[in-house]
> 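Input: one structure, supplied below.
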Number of protein chains: 2
Amino acid sequence: MDADLVFKALADRSRRELLDRLHARSGQTLSELCARLEITRQAVTKHLEILEQANLVVSVRRGREKLHYLNPVPIGDIAERWMSKYDRNRVAALAALKKGLENEH
Amino acid sequence: MDADLVFKALADRSRRELLDRLHARSGQTLSELCARLEITRQAVTKHLEILEQANLVVSVRRGREKLHYLNPVPIGDIAERWMSKYDRNRVAALAALKKGLENEH
DNA sequence: ATAATGTGCAACTAAATGGTTGCATGTCAA
DNA sequence: TTGACATGCAACCATTTAGTTGCACATTAT
């Protein structure tokens with residue numbers, strides 16, 4: 001998996017909104033995902049393409065409509081391999097931070 | 001905390017590299033952080049500004065040099081409040097995904 | 001068959017992004 | 001005090017990004 005693609009995909013508010021909607025109900029069509037969103041359908045299409053490239057969303061064509069499914073794996077990967085690394089040394093990092101701020105005066 | 005600023009800050013490879021360096025050793029100066037990086041000092045300055053706006057880095061001026069400290073809190077917040085939400089329903093999401101892929105044929 | 005629905009594709013635009021160069025300013029050491 | 005070092009600031013540039021409009025195409029329903 002390419003962590004860069006995932007981070008880039010998560011950087012946009014609209015795309016996180018789409019992920020939230022798919023998290024609430026996976027398997028929605030493009031039109032469904034467009035509802036109550038202030039951007040155009042074409043813009044949503046582009047966002048979904050980016051989410052698919054990051055493997056955060058998988059889509060399936062069924063007749064004339066396209067169903068979109070949330071894939072939670074890349075987010076889990078990032079949480080494990082990247083975030084926990086920072087969390088592990090959280091206390092030490094905060095201590096260093098505090099110490100640095102004390103040196104100010 | 002503004003989750004959007006944090007996600008945006010994390011979206012760039014150079015900035016994640018800077019965070020990694022500060023994670024390895026917190027309290028580095030600007031020049032130290034520039035070493036062995038192929039971009040200019042001015043570019044690094046901009047990246048650090050963005051990281052500070054996201055509260056991922058805190059800096060302290062000491063004489064003519066500026067020390068940078070990693071603040072792990074925002075990353076922890078995102079991991080907890082945002083990512084764990086996806087992790088909780090991971091099994092269900094994967095089941096839905098699998099079911100959707102089966103409907104393809 | 002025809003109309004409505006759902007999606008795909010291309011061209012275009014404005015703004016944001018990541019980077020540069022050049023120069024100014026402040027601080028420390030000899 | 002003078003030079004070296006560390007950082008700040010501004011203008012500029014190319015590319016990417018997020019969005020748009022307009023039209024084409026395929027599928028379903030009447």
Side-chain angles (χ1 to χ4, degrees), chain A residues 2-22 25-54 56-69 100-101 103-105, chain B residues 2-22 25-54 56-69 100-101 103-105:
Chain A
D2 190 338
D4 195 49
L5 285 181
V6 180
F7 277 115
K8 287 250 166 69
L10 291 175
D12 187 88
R13 213 165 229 147
S14 302
R15 286 195 287 271
R16 292 200 300 277
E17 168 70 25
L18 287 172
L19 287 181
D20 276 337
R21 291 182 176 215
L22 288 180
R25 185 166 63 86
S26 201
Q28 295 187 61
T29 70
L30 173 58
S31 325
E32 282 174 329
L33 288 169
C34 286
R36 295 163 185 278
L37 250 148
E38 64 285 357
I39 58 179
T40 61
R41 170 182 58 83
Q42 288 86 339
V44 175
T45 300
K46 290 189 182 179
H47 283 308
L48 288 171
E49 277 171 9
I50 291 173
L51 289 170
E52 290 198 44
Q53 278 167 21
L56 285 161
V57 164
V58 175
S59 68
V60 171
R61 197 74 195 261
R62 192 181 60 186
R64 65 177 163 184
E65 50 192 13
K66 193 176 180 187
L67 305 178
H68 299 82
Y69 294 88
L101 293 177
N103 283 350
E104 192 169 13
H105 59 97
Chain B
D2 189 340
D4 195 49
L5 286 181
V6 180
F7 277 115
K8 286 249 166 67
L10 291 176
D12 187 87
R13 215 167 227 148
S14 302
R15 287 194 287 270
R16 293 199 302 276
E17 168 71 24
L18 286 171
L19 287 181
D20 276 338
R21 290 179 177 218
L22 288 179
R25 183 165 65 85
S26 200
Q28 295 188 62
T29 70
L30 173 58
S31 324
E32 282 175 329
L33 288 170
C34 286
R36 295 164 185 278
L37 250 150
E38 64 287 355
I39 58 179
T40 62
R41 171 182 57 83
Q42 287 87 339
V44 175
T45 300
K46 289 191 183 178
H47 283 308
L48 288 172
E49 277 171 9
I50 291 173
L51 290 171
E52 289 199 46
Q53 278 168 21
L56 286 161
V57 164
V58 175
S59 68
V60 171
R61 196 73 195 262
R62 191 180 59 185
R64 65 177 163 183
E65 49 193 14
K66 194 175 180 187
L67 305 178
H68 298 83
Y69 294 87
L101 293 177
N103 283 351
E104 192 169 11
H105 60 95

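Since this is a predicted model, take the numbers as computed values, not measurements. Chain letters run A, B, ... following the sequence lines, proteins first, then strands; residues in each count from 1.
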> Using whole Å, report how far CG of B:Leu30 lies from C1' of C:dT27.
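Checked: the CG to C1' distance equals 15 Å.
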> In whole Å, what is the span from the CZ atom of A:Arg41 to the P atom of D:dC23?
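Taking atom P of D:dC23 as the reference, CZ of A:Arg41 is at 14 Å.
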> Applying side-chain hydrogen bond (donor to acceptor under 3.5 Å, both in side chains), name anything that partners A:Asp20, two or more places apart in sequence or on another chain.
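Residues passing side-chain hydrogen bond (donor to acceptor under 3.5 Å, both in side chains) with A:Asp20: B:Lys85, B:Tyr86.
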> Counting only side-chain nitrogens and oxygens, does B:Thr40 get under 4.0 Å of the OP1 or OP2 atom of C:dG19?
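No, because none of the side-chain N or O atoms of B:Thr40 sits under 4.0 Å from OP1 or OP2 of C:dG19.
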> Would you mind reading off the distance between B:Leu48 atom CG and D:dG8 atom C1', rounded to a whole angstrom?
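After rounding, the reported distance stands at 13 Å.
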> What is the distance from CD of A:Glu38 to P of D:dG19, rounded to the nearest Å?
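It works out to 8 Å between those atoms.
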> Closest-nucleotide mapping onto DNA chain C: is A:Gln42 or B:Ala43 further toward the 5' terminus? I mean the 5' end.
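Residue closer to the 5' terminus by nearest nucleotide: A:Gln42.
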> What is the distance, rounded to the nearest whole Å, between atom CD of B:Glu32 and atom P of D:dC5?
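Those two atoms, CD and P, are 15 Å apart.
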> Do B:Arg13 and C:dG18 share a donor-acceptor pair, side chain to base, under 3.5 Å?
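Donor-acceptor pair under 3.5 Å: no.
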> Measure the distance from CD on A:Glu49 to P on D:dG19 and round it to the nearest whole Å.
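My rounded result for the distance is 14 Å.
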> If the condition is side-chain contact (heavy atoms from CB on, under 4.5 Å), which residues does A:Gln42 pass it with, not counting sequence neighbours?
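Per chain and number, A:Gln42 pairs via side-chain contact (heavy atoms from CB on, under 4.5 Å) with A:Thr40.
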> In chain order, what residues pass the side-chain hydrogen bond (donor to acceptor under 3.5 Å, both in side chains) check against B:Gln53, with sequence neighbours excluded?
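In terms of side-chain hydrogen bond (donor to acceptor under 3.5 Å, both in side chains), with neighbours along the sequence ignored, B:Gln53 is linked to no residue.
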> Just the rounded figure in Å: distance from P of C:dT27 to NZ of B:Lys66.
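It is 14 Å, rounded to the nearest whole Å.
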> All N/O contacts under 3.5 Å from nucleotides 26-30 of chain D to the protein, with atom names and distances to one decimal?
| unit_1 | atom_1 | unit_2 | atom_2 | d |
| --- | --- | --- | --- | --- |
| D:dT27 | O2 | A:Arg64 | NH1 | 3.1 |

> Considering residues at least two apart in sequence or located in another chain, which fulfil the side-chain contact (heavy atoms from CB on, under 4.5 Å) criterion with A:Lys8?
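A:Lys8 satisfies side-chain contact (heavy atoms from CB on, under 4.5 Å) with A:Asp4 only.
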> Could you tell me the separation between the CG atom of B:Leu33 and the P atom of D:dT7, rounded to a whole number of Å?
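So the two atoms are 9 Å apart, to the nearest Å.
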> Checking A:Arg25 now: which residues fulfil salt bridge (charged side-chain N to carboxylate O under 4.0 Å, His left out) with it, not counting sequence neighbours?
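A:Arg25: salt bridge (charged side-chain N to carboxylate O under 4.0 Å, His left out) contacts with A:Glu32.
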> Quick one, A:Leu51 and A:His68 - any side-chain contact, counting heavy atoms below 4.5 Å?
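No. Closest side-chain heavy atoms not under 4.5 Å.
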> For a salt bridge (Lys or Arg N to Asp or Glu O under 4.0 Å) with A:Glu17, tell me which candidate from A:Arg21, A:Arg13, A:Arg15 qualifies.
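Only one of A:Arg21, A:Arg13, A:Arg15 forms a salt bridge (Lys or Arg N to Asp or Glu O under 4.0 Å) with A:Glu17, namely A:Arg21.
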> Return the polar atom pairs (N/O with N/O) between nucleotides 15-18 of chain D and the protein under 3.5 Å, or none.
| unit_1 | atom_1 | unit_2 | atom_2 | d |
| --- | --- | --- | --- | --- |
| D:dA18 | OP1 | A:Asp12 | OD1 | 3.3 |
| D:dA18 | OP1 | A:Arg15 | NH2 | 3.3 |
| D:dA18 | OP2 | A:Arg15 | NH1 | 3.1 |

> A:Ala54: which residues meet the side-chain contact (heavy atoms from CB on, under 4.5 Å) condition with it, sequence neighbours left out?
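With neighbours one apart ignored, the set is A:Leu5, A:Val6, A:Ala9, A:Leu56.
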> Could you list the residues that satisfy salt bridge (charged side-chain N to carboxylate O under 4.0 Å, His left out) with B:Glu49, not counting sequence neighbours?
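If we apply the salt bridge (charged side-chain N to carboxylate O under 4.0 Å, His left out) test to B:Glu49, skipping adjacent residues, there are no hits.
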